[in-house]
**Q** 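Here it is, the structure in full.
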Amino acid sequence: MTADSDGVLIVGAGPTGLLLAGDLAAAGVPVTVLESRAEESRLSRALAVHARSLEMLDARGIADEVVSTGQKLSRIVVLGRTHVDLSRLPTRFRFSLFTAQYNVERVLEHRARSLGAEIAIGSDVTDVRQDAGQAEVTFQAKSGETGTRRAAYLVGADGVHSIVRKKLGVPFPGHSVLRSVMLADVRLADPPAEPLQINASHAGLAFIAPFGDGWYRIIAWNRNKQVASTEPVELDEVREVARQVLGSDFGMHDPRWLSRFHNDERQVPQYRTGRVFLAGDAAHVHSPAGGQGMNTGLQDAANLSWKLAGACRGWASEGLLDSYHAERQPVGRFVIRFSGSLVRVARIQSDWMRTAISDVAAASTHLPAVLRRAALAFSGLGISYPAGPDAHPLEGKRMPDVPLAGGGRLYELLRSGMFILLAGAGQALPAADGWADRIRLAERTRQHPSLILVRPDGYIAWASDEPDDHDRDREARAALTRWCGEAAAYSEPGSGRSSG
Ligand SMILES: Cc1cc2nc3c(=O)[nH]c(=O)nc-3n(C[C@H](O)[C@H](O)[C@H](O)COP(=O)(O)OP(=O)(O)OC[C@H]3O[C@@H](n4cnc5c(N)ncnc54)[C@H](O)[C@@H]3O)c2cc1C
């Protein structure tokens, strides 16, 4: 199923592009991913998959497979003695998963291909154009031949150096925060008892985390030695920073990847330009502190995929496509601030000042309210989207997974890729035959005052506590038209109440 004039072209088969491709293929939208790499990526890169991303993978039936590749950590050290406890998060996934990025990509790529997405590796996109009706890219294949592809929509998921962003002329304003940061993936002869460690001192900053398969990621920043990112990294320098900052080098040996990078904070001002959308690192980049990079990209993709599918299938309004920018740009801005604040504390030169801030943070995470807020921010479960001033308080919020009458869970039902109209136990559901190709009806096992319309990405589109059946049905039909487009004149087979 390849992108043609009606479908979607995606540039970049990283986690963002692959999740998007799988979702579009699942919705029956022709989709092609153009990827410059000719081989599978073996770079570990991101190593944390947080709870909200795991929920999204669960809503696609692939969370268990991803979880089996790594190590679960429910206590995340943020800096020194400051930690975030994830063990009481309101989700099935009360932990962060530590695993190499290529494990996540492998699962996403398999899903996308098996659902029918075309993934054209060795295709380096060199130019991007669009007019009122289509978007078009030029690419160079590995053989040296050039070609063009067209589609109704184009997504630049091509990472921090995005050619799509550059060819559109979209600026990427921001600045460098830390230069000359060293990265090493190593074995440890003497691993720490607490598997995750991060600290800062007058010598610099050091971070150590397990991949769950015997490999460890070390990030080290030497305050007294700043060199160009092109300078090679010696393991001895990483060892020295770890000894000074963490008190031990834990017997690190056999590095499989040594790299030096600089850490930028940047974000595009617009996530949409006509028929072209930017997602993942192509739209925002920030400090690796807090491990938010890949997670934010996955969630960009989950927000955009059902909206693009709706546009390709003809039911989505222009406003729905615009809501991708309105919803995801503030999340990107928050992540830049959140991860940047961790680095700024670590960078403070005065030992006294840094220790004082760290101690206050450590003390405050014993306060239940602070702890809960930190855990929700860290895990991504706290993300919600703007709702109108007269909106029901639930609108825009994440819908938690709930058991359904007759068996099964809401997140299993979300695997249909459809909206879910969810009633409390025993509550009457409105007739929604005209939307049977877009929504499923479901009932909770417990009573609940609200009738809720859940979006395909698991956020609440609309809710009503109206007690009168007739009035509630009328409100529901208006909400369905607003969110899911006009009702069709026919009813698709298979419509009706579901129990998962
Ligand atoms: C050294 C390093 C360490 C990192 N550590 C962490 C971490 O610990 N935690 C964390 O959360 N994040 C980390 N990140 C960031 C994380 O890897 C990214 O946030 C994540 O990969 C973003 O996914 P993406 O799909 O948006 O982009 P990418 O993964 O960058 O994927 C973009 C894809 O587009 C392809 N592409 C680029 N240009 C073209 C073109 N012209 N034509 C066709 N294809 C093209 C690329 O080959 C690539 O496959 C790290 C990144 C780096 C570089």
Side-chain angles (χ1 to χ4, degrees), residues 9-21 32-50 53 76 96-102 104-105 108-109 119-128 137-142 147 149 154-167 181-185 196 198 207-211 216-219 229 233 257-264 266 268 277-301 304 328 332 335-336 338-339 342 378 380:
L9 276 174
I10 297 170
V11 184
T16 307
L18 290 170
L19 186 110
L20 189 60
T32 296
V33 185
L34 298 165
E35 167 57 53
S36 55
R37 256 188 302 104
E39 280 114 34
E40 194 178 315
S41 169
R42 292 300 299 168
L43 291 183
S44 49
R45 298 176 70 190
L47 82 167
V49 189
H50 297 310
S53 301
I76 302 288
S96 283
L97 180 77
F98 281 70
T99 189
Q101 180 165 327
Y102 54 71
V104 180
E105 287 174 354
L108 291 173
E109 181 169 343
I119 301 178
I121 57 169
S123 307
D124 188 33
V125 170
T126 54
D127 203 4
V128 176
V137 299
T138 303
F139 66 94
Q140 183 164 40
K142 212 172 163 228
R149 295 294 289 260
L154 172 69
V155 182
D158 49 343
V160 69
H161 303 295
S162 170
I163 186 82
V164 176
R165 186 183 68 230
K166 287 175 190 155
K167 290 293 176 183
V181 185
M182 294 175 289
L183 177 154
D185 281 0
L196 193 65
I198 178 165
F207 163 90
I208 183 166
F211 279 106
Y216 284 79
R217 159 71 50 84
I218 317 286
I219 290 184
S229 299
V233 174
W257 188 26
L258 287 168
S259 171
R260 197 184 294 274
F261 62 98
H262 61 265
N263 175 207
D264 282 8
R266 298 181 185 280
V268 293
F277 298 79
L278 294 169
D281 277 16
H284 44 74
V285 65
H286 43 78
S287 140
Q292 300 291 324
M294 180 173 67
N295 293 276
T296 309
L298 290 172
Q299 286 160 43
D300 285 348
L304 181 57
R328 294 304 301 171
V335 170
I336 289 172
F338 175 65
S339 63
L342 299 174
F378 207 85

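All ligand and atom numbering here is 1-based and tracks the order in the structure. No hydrogens, no waters, no symmetry mates; every other heavy atom, side chains included, goes into these values.
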**Q** Polar contacts were defined as any N/O atom of the residue lying under 3.5 Å from an N/O atom of the ligand; does this apply to Ser259 and ligand 1?
**A**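 The answer is no, given that Ser259 and ligand 1 share no N or O pair closer than 3.5 Å.
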
**Q** Measure the distances from the heavy atoms of Gly297 to every atom of ligand 1 and state whether one is below 4.0 angstrom.
**A**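 Flag not set, Gly297 not near ligand 1.
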
**Q** Would you check whether Ala282 has a nitrogen or oxygen atom less than 3.5 angstrom from a nitrogen or oxygen atom of ligand 1?
**A**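 For ligand 1, there is no N or O atom that lies under 3.5 Å from one belonging to Ala282.
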
**Q** Please find the pair of heavy atoms, one from Val33 and one from Ala21, that lie closest to each other, and give the distance.
**A**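 Taking Val33 first and Ala21 second, the nearest heavy atoms are CG2-CB, 3.5 Å.
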
**Q** Hey, which atoms in ligand 1 end up nearer than 4.0 Å to a heavy atom of Leu34?
**A**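 Answer, ordered by atom number: 43 (C), 44 (N).
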
**Q** What do we get for Phe98 next to ligand 1 when only non-hydrogen atoms under 4.0 Å count, side chain, backbone, both or neither?
**A**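 Near ligand 1, Phe98 shows nothing, with every heavy atom at 4.0 Å or more.
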
**Q** Select one of side chain, backbone, both or neither to describe which atoms of Ala157 lie under 4.0 Å from any atom of ligand 1, heavy atoms only.
**A**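 Only the backbone of Ala157 comes within reach of ligand 1.
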
**Q** Using a 4.0 Å heavy-atom cut-off, which part of Val11 comes near ligand 1: side chain, backbone, both, or neither?
**A**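 Under 4.0 Å from ligand 1, Val11 contributes side-chain atoms alone.
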
**Q** Partners of Arg165 by salt bridge (charged side-chain N to carboxylate O under 4.0 Å, His left out), sequence neighbours excluded?
**A**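 For Arg165 there are no salt bridge (charged side-chain N to carboxylate O under 4.0 Å, His left out) partners, ignoring immediate neighbours.
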
**Q** My understanding is that only residues two or more places apart in sequence, or in another chain, count here; which of them pass salt bridge (charged side-chain N to carboxylate O under 4.0 Å, His left out) with Asp264?
**A**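 With neighbours one apart ignored, the set is Arg266.
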
**Q** Counting only heavy atoms, which portion of Val125 has something under 4.0 Å from ligand 1: side chain, backbone, both, or neither?
**A**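 Both backbone and side chain.
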
**Q** Need the ligand 1 atom indices (1-based, order shown) with element for anything under 4.0 Å from a heavy-atom of Ser123.
**A**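 In order of number, 42 (N), 43 (C).
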
**Q** Counting heavy atoms only, name the option from Ser53, Gly14, Ala46 that's nearest to atom 14 (N) of ligand 1.
**A**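 Going through Ser53, Gly14, Ala46 one by one, Ala46 has the nearest heavy atom to atom 14 (N) of ligand 1.
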
